Amino acid sequence: MDYFLTEEQVMIRDLARQIAEEKIVPVRGELDENGEFPWEIMKVLAQSDLFGLFIPEEYGGLGKGCLELCIAVEELSRACVGVSTSYAANALGTYPLLLFGTDAQKQKFLPEIATGKKLVAFGLTEANAGSDASGIQTTAKLDKNEYVLNGTKQWITNGSVADVYTIIAITDRAKGPRGASAFVVEKGTPGFTFGKKENKMGIRASITTELVFDNCRIPKENVIGKEGMGFIVAMKTLDSSRTGVGAQGLGIAQGAYEEAVKFARKRVQFGHPVISFQAIQHMLADMATGIEAARALIYSVARYIDSGAKEVSKVSAMAKCFATDLGMKVTTDAVQIMGGSGYMKEYPVEKMMRDAKILQIYEGTNQIQRNVIGQEIIKEFARNSK
Ligand code: COS
């Protein structure tokens with residue numbers, strides 16, 4: 001299908017695809033096995049300017065939007081979602097600054113993020129606050145010209161490898177979600193250390209750690225937006241980033257589908273390549289149809305976000321939910337088509353199936369996405385029936 005990409009978008013796609021094929025595919029198995037952060041690949045992505053894709057030109061980026069970012073993420077995910085998570089988490093961590101930061105904050109942080117010199121992480125989740133994001137316990141207390149942070153963030157992508165952290169903490173517990181605030185915290189700030197590194201089922205090339213704040217003092221100017229806006233900053237950030245998670249689901253589905261077709265053409269049973277059997281063709285037909293539907297949805301939502309649309313919660317949740325459920329289904333079916341071979345580590349679909357699972361969980365579980373969509377439906381009907 002032709003998605004009428006511009007010449008520039010095709011160039012971004014081809015560049016990301018080339019990096020994926022030449023630099024990621026040869027090492028993805030080893031990175032997965034060793035749970036190793038892909039520093040060398042991050043350097044290549046930085047040299048190719050891909051970290052600056054979504055950052056405005058005035059802050060040293062390429063000034064592109066959600067669609068270009070989704071195209072790059074899709075291509076990287078086709079090869080390895082561990083690597084694409086390490087890359088895409090930068091966008092997640094940067095959105096609070098992009099959407100709500102002051103010009104001084106943007107001048108200070110964005111140029112080095114755009115060049116890939118500094119990696120970024122987003123810290124919202126805690127041990128007792130996952131889906132229930134407003135239940136966070138980490139506090140930030142104003143003491144003269146500084147905020148003092150105390151608490152522990154859990155399961156933070158790029159934790160310890162990132163230099164810049166956007167953190168949501170409670171400044172006034174009595175105010176509920178309106179008592180949360182967002183901050184930018186730099187690695188190396190006294191009182192800010194890293195805890196447990198997680199040993200994960202999939203996306204093992206991405207690093208997931210705890211962030212520990214123990215009387216960590218940061219300048220008052222490090223608040224993002226205004227005090228009390230933290231929950232809104234977090235929700236708007238997730239509205240912006242979830243389409244990219246959908247692009248990860250789309251990319252991994254595409255990768256697994258291609259592996260399944262390649263295998264089914266070669267594998268002979270009952271005297272014929274298994275692709276000649278209708279049972280296999282039907283599975284491939286469903287995979288291919290789902291992939292086109294996901295790509296059409298993701299590119300449309302990304303274009304809608306890039307048009308400056310304000311109300312994007314529902315459609316970005318739809319893109320995330322649909323494409324990542326598809327990613328799980330397609331990778332599982334690819335293993336099924338490939339049978340015993342699919343289950344073995346010699347073939348990449350075993351890893352793809354493990355990697356796909358997190359996409360239905362992080363940046364809001366797909367049950368939370370359905371809640372968001374449901375709430376928006378209720379609001380729309382209420383508005384329209386007035
Ligand atoms: N944009 C702007 N404001 C939003 C918003 C959005 N997308 N979503 C919620 N809000 C506002 C609400 O309008 C409400 O404001 P008021 O108090 O002024 O009415 C406030 O935020 C609280 O909203 P709500 O009552 O819906 O919050 P809940 O505690 O019920 O949260 C959801 C429900 C589903 C929104 C939230 O818990 C969520 O997204 N959870 C998943 C979190 C997640 O993605 N975690 C992954 C970790 S980060 S990788």
Side-chain angles (χ1 to χ4, degrees), residues 73 81 84-96 99-100 120-138 152-159 162 165-182 198 200 203 206-211 224-246 248-249 301 304-305 309-321 324 357-380 382-383:
V73 167
V81 168
S84 78
T85 294
S86 308
Y87 169 73
N90 283 279
L92 174 70
T94 305
Y95 279 128
L99 299 172
F100 294 94
V120 196
F122 178 63
L124 169 65
T125 302
E126 297 181 6
N128 294 314
S131 293
D132 184 7
S134 61
I136 55 170
Q137 298 292 318
T138 295
T152 301
K153 294 290 172 183
Q154 185 181 249
W155 301 334
I156 304 305
T157 303
N158 282 355
Y165 295 79
T166 47
I167 301 295
I168 311 296
I170 297 293
T171 37
D172 186 348
R173 197 172 301 286
K175 289 188 178 159
R178 284 163 185 248
S181 304
E198 302 294 342
K200 306 189 294 295
I203 59 160
S206 97
I207 298 293
T208 314
T209 57
E210 280 177 345
L211 313 180
I224 303 174
K226 290 203 176 83
E227 197 181 290
M229 274 182 71
F231 199 69
I232 304 288
V233 172
M235 291 301 124
K236 289 280 180 204
T237 290
L238 291 164
D239 284 349
S240 302
S241 70
R242 281 174 177 159
T243 311
V245 183
Q248 291 187 293
V301 171
Y304 183 59
I305 291 173
K310 295 271 174 278
E311 300 295 327
V312 301
S313 304
K314 184 178 84 173
V315 288
S316 58
M318 285 175 168
K320 194 267 184 189
C321 189
T324 61
K357 188 64 210 170
I358 192 62
L359 303 176
Q360 294 179 304
I361 298 171
Y362 70 17
E363 292 191 36
T365 64
N366 283 5
Q367 287 69 33
I368 286 289
Q369 307 308 316
R370 289 177 169 90
N371 285 359
V372 169
I373 297 164
Q375 290 302 315
E376 293 297 321
I377 292 170
I378 292 170
K379 278 191 221 162
E380 267 171 27
R383 265 199 307 268

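Everything numeric in this text was worked out from a predicted model, so none of it was measured. Counting starts at 1 for both ligands and their atoms, following the listed order.
Checking only distances, Gly364 does come within under 3.5 Å of ligand 1, N or O to N or O. For ligand 1, the polar-atom distance check against Asp239 finds a nitrogen or oxygen pair separated by under 3.5 Å. Considering backbone and side-chain N/O atoms, Arg242 comes within less than 3.5 Å of an N/O atom of ligand 1. Annotation: Ser131 places an N or O atom under 3.5 Å from an N or O atom of ligand 1; distance criterion only.
The contact set between ligand 1 and Ser313, taken as ligand atoms under 4.0 Å from a residue heavy atom, comprises 7 (N). Taking every non-hydrogen atom of Ser134 and a distance limit under 4.0 Å, the qualifying atoms of ligand 1 come out as 29 (O). Using a 4.0 Å cut-off to heavy atoms of Ala133, the atoms of ligand 1 that qualify are 37 (O), 42 (C).
The protein does not reach atom 32 (C) of ligand 1 closely, with no heavy atom under 4.0 angstrom from it. In this structure, atom 40 (N) of ligand 1 has protein heavy atoms in its sub-4.0 angstrom surroundings. Proximity of atom 21 (O) of ligand 1 to the protein is indicated by at least one non-hydrogen atom lying closer than 4.0 angstrom. Protein heavy atoms are found inside the 4.0 Å sphere centred on atom 29 (O) of ligand 1. Protein non-hydrogen atoms do not reach within 4.0 Å of atom 15 (O) of ligand 1.
Checked by atom type, the side-chain pair Asn158/Ser206 shows no donor-acceptor distance below 3.5 Å. Under 3.5 Å, the side chains of Thr85 and Tyr362 contain a donor-acceptor pair of N or O atoms. A donor and an acceptor atom, one from each side chain of Gln248 and Thr324, are nowhere located under 3.5 Å apart.
Scanning all protein heavy atoms for the shortest distance to atom 23 (O) of ligand 1 gives Phe231 CE2, 3.7 Å. In terms of protein heavy atoms, atom 49 (S) of ligand 1 is closest to Glu363 CG, 3.6 Å. Among all non-hydrogen protein atoms, the one lying nearest atom 6 (C) of ligand 1 is Met235 CB, 3.4 Å. For atom 11 (C) of ligand 1, the nearest protein heavy atom (residue, atom name, distance) is Ile232 CD1, 4.0 Å. Nearest to atom 47 (C) of ligand 1 among the protein's heavy atoms is Thr125 OG1, 3.1 Å. Atom 34 (C) of ligand 1 has Ile368 CG2, 3.8 Å as its closest protein atom, hydrogens excluded (heavy atom only). For atom 2 (C) of ligand 1, the closest non-hydrogen atom on the protein side is Lys236 CE, 3.8 Å.
Looking at Glu198, its side chain never comes within 3.5 Å of a backbone N or O of Gln154 through a donor-acceptor pair. At least one donor-acceptor pair closer than 3.5 Å links the side chain of Thr209 to the backbone N or O of Gly159.
In this structure, the side chains of Ile170 and Gln137 stay at 4.5 Å or more apart for every pair of heavy atoms. Side-chain contact between Ile167 and Leu211 is present, with at least one heavy-atom pair separated by less than 4.5 Å. In this structure, Val120 and Tyr165 have side chains that are not in contact, with every pair of non-hydrogen atoms separated by 4.5 Å or more. Looking at heavy atoms from C-beta onward, Lys379 lies out of side-chain contact with Lys314 at the 4.5 angstrom threshold.
The closest non-hydrogen atom to atom 18 (O) of ligand 1, taken over Arg178, Lys320, Lys153, Glu311, comes from Arg178.
Between Glu126 and Lys153 there is a salt bridge, with a side-chain nitrogen of the basic residue lying less than 4.0 Å from a carboxylate oxygen of the acidic one.
Sorted by first then second residue, the side-chain hydrogen bond (donor to acceptor under 3.5 Å, both in side chains) pairs that include residues 166-182, not counting sequence neighbours, are Thr171-Ser181.
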